[in-house]
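Notes for the one structure printed next.
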Amino acid sequence: MIRYILRRLLLLVPVLVGLSMLVFTIARLLPGDPVRLAAGPNATPADIASVAKEFGLDRPLLAQYWDYATGLLRGDWGVSIFSRRPVLEDLSTYLPATLELVLAAMILAVAIGIPAGLMAAVYRDRWPDFLSRAVSLGAISMPRFFLGLLFQLGFAMWLGWLPLSGRFPLTEDPPSAITGLLTIDALLSGNFHALGIALQHLALPAIAMSLSPLATITRMMRASTIEVLQQDYVTTERALGLSRGKILFKYVLKNAVSATLTVIGLYFGWLLGGTVLVETVFDWPGLGLYATQAVLTQDFMPIIGVTLCIGTLFVLVNLLVDLVYGLLNPRVRLR
Amino acid sequence: MSERLRRGLYRFRRSWVSVLGLGIVCLLLLIAILGPAIVPHPEHVAGLVQTGTRFQPPSAAWWFGTNEVGQDVFSLTLAGTRVSLLAGMAVVIVGAVIGVFVGAIAGFFGGWLDEGLMRLSDLMLTVPSLILAMAVAAALGPGTGNMIFAIALSWWPGYARLVRGEVMAKKEEQFVTAARAMGAGSGRLLRRHVLPNIVSPVIVKMSLDMGFAILTVASLGFVGIGVKPPTPEWGSLLSVARANMPDYWWTAIFPGLAIFLAVFGFNLLGDGLRDLLDPKARR
């Protein structure tokens with residue numbers, strides 16, 4: 001098991017090298033002139049040349065990549081041309097906000113999607129099944145940014161139940177920073193007032209984001225439960241007179257969940273890169289908003305940094321999913 | 001063929017969701033084709049500003065109300081259908097062409113070429129596609145063509161994997177060996193014997209992808225990259241309308257509903273087509 005984990009972690013190295021090369025090349029091959037933008041509209045050619053020199057943009061591509069890659073290892077992820085702050089520092093500010101949002105959305109999606117899919121399979125072709133299928137088909141097709149807008153209109157503007165946007169108001173004292181995830185920090189420090197405020201701000205964006213993974217998980221769970229219910233061992237358990245609840249929760253659930261797990265992992269990674277829209281709607285200060293700003297100002301280093309960061313998390317989450325899959329399903333030998 | 005097709009069509013008709021999807025898609029195609037002829041206020045689509053009729057609520061005269069410069073939201077939403085459908089279609093076609101090309105070469109020739117191309121497409125799958133598309137589109141500058149290219153750049157790996165697998169299976173079949181024995185070269189074998197036999201899974205994937213492609217186009221428009229005003233595009237209409245909330249909600253609701261309807265219709269139809277053309281995937 002430990003050897004398996006080590007080997008998988010070792011396999012991360014070529015993936016990350018490849019990823020950084022790929023993104024770096026794409027970013028550098030694109031037209032557009034960040035140097036001219038950063039130097040300002042009235043810059044003379046000499047000013048432009050000096051800015052280019054400052055950021056090393058006047059050297060050959062391969063040399064630039066080598067500098068960048070060795071810098072990555074030293075913890076130097078480059079400097080944002082616009083904020084003039086180190087990218088790694090920016091990332092560590094924005095990543096926790098995105099992680100909190102994605103985790104909350106996934107928890108919602110799993111907590112509702114798995115029971116919903118299970119029920120749909122048990123009551124196959126009856127009303128709970130039709131209800132969950134109709135809802136999930138609609139949810140997959142709903143643009144997240146439009147849903148977010150509708151939530152803002154309904155719950156924030158008309159009903160006034162929840163805050164319109166943002167993560168934490170400047171007028172309140174935030175909980176002491178431990179993990180960077182505000183809800184968890186508030187819980188850890190026992191600050192329930194702050195917890196309430198953080199949850200209020202988290203609710204709408206998290207629900208808006210959870211809908212499409214929720215739909216997919218429900219559909220997957222329904223399909224895999226139907227398959228498991230037709231297995232011989234379920235018939236045997238029925239014949240032995242085990243209660244319906246016991247069969248369902250003790251034997252069927254575990255097998256059906258493990259098939260759904262891969263989808264959960266993929267979705268987690270996909271959501272990390274897909275927070276851009278929800279963060280834009282709700283002014284959520286996360287990686288997506290940071291990336292959008294970098295894109296609009298054609299700031300290379302933050303774009304590469306965000307992409308690398310999300311790519312790494314994506315690969316790590318899928319490793320984790322494989323490990324949990326092995327634990328749930330001992331027939332899969334991890335070597 | 002005909003027996004399978006008849007059975008497939010029967011199944012398709014029996015499933016009301018697929019028929020509903022087909023209905024929505026046909027309606028949208030009709031709107032996209034007729035476009036300029038049925039729009040009540042073509043001058044608004046062309047960019048006419050009419051401040052006298054700002055922010056009229058939905059009524060018999062203005063079905064979807066009017067926006068911040070007095071343009072008819074109904075006309076803009078109708079006109080946006082053609083833009084979104086064409087852009088979505090172009091993304092899927094460009095992505096499929098690149099993917100089929102890469103996948104066919106990897107699957108047919110194998111070896112280090114296969115290894116290299118497949119590792120590249122694996123890497124592309126770990127890159128967050130929306131951020132990549134945003135970055136590429138922003139660097140290339142505004143314009144529909146640039147945006148389509150930017151999205152398609154992260155769209156091909158799915159097709160490459162699919163086609164590679166199909167090509168590897170097909171190239172071992174006897175009719176390919178026979179053609180090779182007759183002296184056909186690699187290019188001819190691929191074009192005339194292998195590729196025509198893998199068309200249907202590619203079409204299924206393209207139809208399944210249409211909804212998501214339209215959604216991605218609208219997303220880029222919403223972020224402010226992609227199709228620029230005055231070209232009416234649903235995502236950018238929605239993005240502009242954000243500033244009009246909550247008092248003038250109709251400027252946002254109708255373009256948003258249009259995106260939902262288009263994505264929903266294509267998703268339903270795609271599911272139905274998959275059952276029709278690819279019975280193995282049916283459950």
Side-chain angles (χ1 to χ4, degrees), chain A residues 14-15 18-19 21-23 26-27 29-32 34 133-134 137-138 140-147 149-150 152-154 156-158 164 223 226-227 269-270 272-277 280-281 287-288 291-292 294-298 300 303-304 306-312 314-315 318, chain B residues 17 20-21 119-120 122-141 146 150 153-154 211-212 214-216 218-225 234-235 238-239 241-242 245-247 249 252-253 255-268 271 283:
Chain A
V15 172
L19 190 62
M21 276 175 93
L22 181 73
V23 183
I26 292 176
L29 286 183
L30 292 174
R133 272 161 74 188
L137 266 175
I140 284 179
S141 312
M142 191 69 175
R144 266 168 294 162
F145 50 93
F146 181 48
L147 188 70
L149 223 60
L150 290 180
Q152 283 185 323
L153 193 64
M157 292 170 173
W158 285 344
L164 184 65
I226 286 176
E227 212 174 282
W270 192 71
L272 279 172
T275 55
V276 176
L277 301 163
T280 307
V281 173
L287 284 184
T292 309
V295 161
L296 290 174
T297 53
Q298 302 196 4
F300 283 141
I303 300 175
I304 304 175
V306 169
T307 314
L308 266 183
C309 179
I310 292 176
T312 313
F314 182 81
V315 180
N318 282 301
Chain B
V17 282
L20 178 67
R119 288 298 80 76
L120 181 67
D122 284 351
L123 276 179
M124 287 300 288
L125 287 173
T126 60
V127 175
S129 54
L130 194 59
I131 295 178
L132 181 71
M134 278 165 55
V136 174
L140 291 177
N146 288 344
L153 194 64
S154 56
F212 196 54
I214 292 174
L215 190 60
T216 311
S219 306
L220 282 193
F222 183 74
V223 183
I225 303 161
W234 293 334
L238 196 58
S239 147
R242 274 180 74 199
M245 303 276 255
D247 296 337
W249 49 267
I253 296 286
L257 282 178
I259 303 173
F260 170 70
L261 193 70
V263 179
F264 192 53
F266 276 102
N267 279 349
L268 293 182
D271 266 3
R283 182 155 285 169

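Residue numbers start from 1 in every chain, and the chains themselves are labelled A, B, ... in the order their sequence lines are given, proteins ahead of strands.
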Using non-hydrogen atoms and a 4.5 Å limit, figure out which bit of [X] sits close to chain B: side chain, backbone, both or neither.
X: Val15(A); result: both
X: Ile303(A); result: side chain
X: Leu150(A); result: side chain

### Task
Walk me through it: do Phe222(B) and Val281(A) pass the test side chain to side chain contact (heavy atoms under 4.5 Å, CB included)?
CA-CA 10 Å; Phe222(B) 183 74; Val281(A) 173; 3.6 Å; yes
### Task
Show your reasoning for whether side chain to side chain contact (heavy atoms under 4.5 Å, CB included) applies to Leu22(A) and Leu120(B).
CA-CA 9 Å; Leu22(A) 181 73; Leu120(B) 181 67; 3.7 Å; yes
Chain A contact via [X] - which portion, at a heavy-atom distance below 4.5 Å:
X: Leu261(B); value: neither
X: Ala218(B); value: both
X: Phe266(B); value: neither

Report the distance from atom [atom1] of [X] to atom [atom2] of [Y], rounding to the nearest 0.5 Å.
X: Leu149(A); Y: Ser239(B); atom1: CG; atom2: OG; answer: 9.5 Å
X: Ile253(B); Y: Phe146(A); atom1: CD1; atom2: CZ; answer: 4.5 Å
X: Ile304(A); Y: Ile131(B); atom1: CD1; atom2: CD1; answer: 13.0 Å

### From Ile214(B), Ile259(B), Val263(B), Leu268(B), residue fulfilling side-chain contact (heavy atoms from CB on, under 4.5 Å) relative to Ser141(A)
Val263(B)
### Task
In sequence, state the C-alpha distance, the side-chain angles, and the governing distance for Ile225(B) and Leu296(A), and then conclude on side chain to side chain contact (heavy atoms under 4.5 Å, CB included).
CA-CA 8 Å; Ile225(B) 303 161; Leu296(A) 290 174; 3.9 Å; yes
### Query
Is there side-chain contact between Ile310(A) and Val127(B), with at least one heavy-atom pair below 4.5 Å?
no
### Task
Please lay out, stage by stage, how Arg144(A) and Leu215(B) fare under the test side chain to side chain contact (heavy atoms under 4.5 Å, CB included).
CA-CA 10 Å; Arg144(A) 266 168 294 162; Leu215(B) 190 60; over 6 Å; no
## Note on the structure
Heaviest contributor of heavy-atom pairs below 4.5 Å to chain A, chosen from Leu125(B), Leu132(B), Leu257(B), is Leu257(B)
### Summary
Of Val315(A), Thr280(A), Leu272(A), the largest count of non-hydrogen pairs under 4.5 angstrom with chain B goes to Thr280(A)
### Task
Count the heavy-atom pairs under 4.5 Å between each of Leu147(A), Leu287(A), Ile140(A), Thr307(A) and chain B, then report the option with the highest count.
Thr307(A)
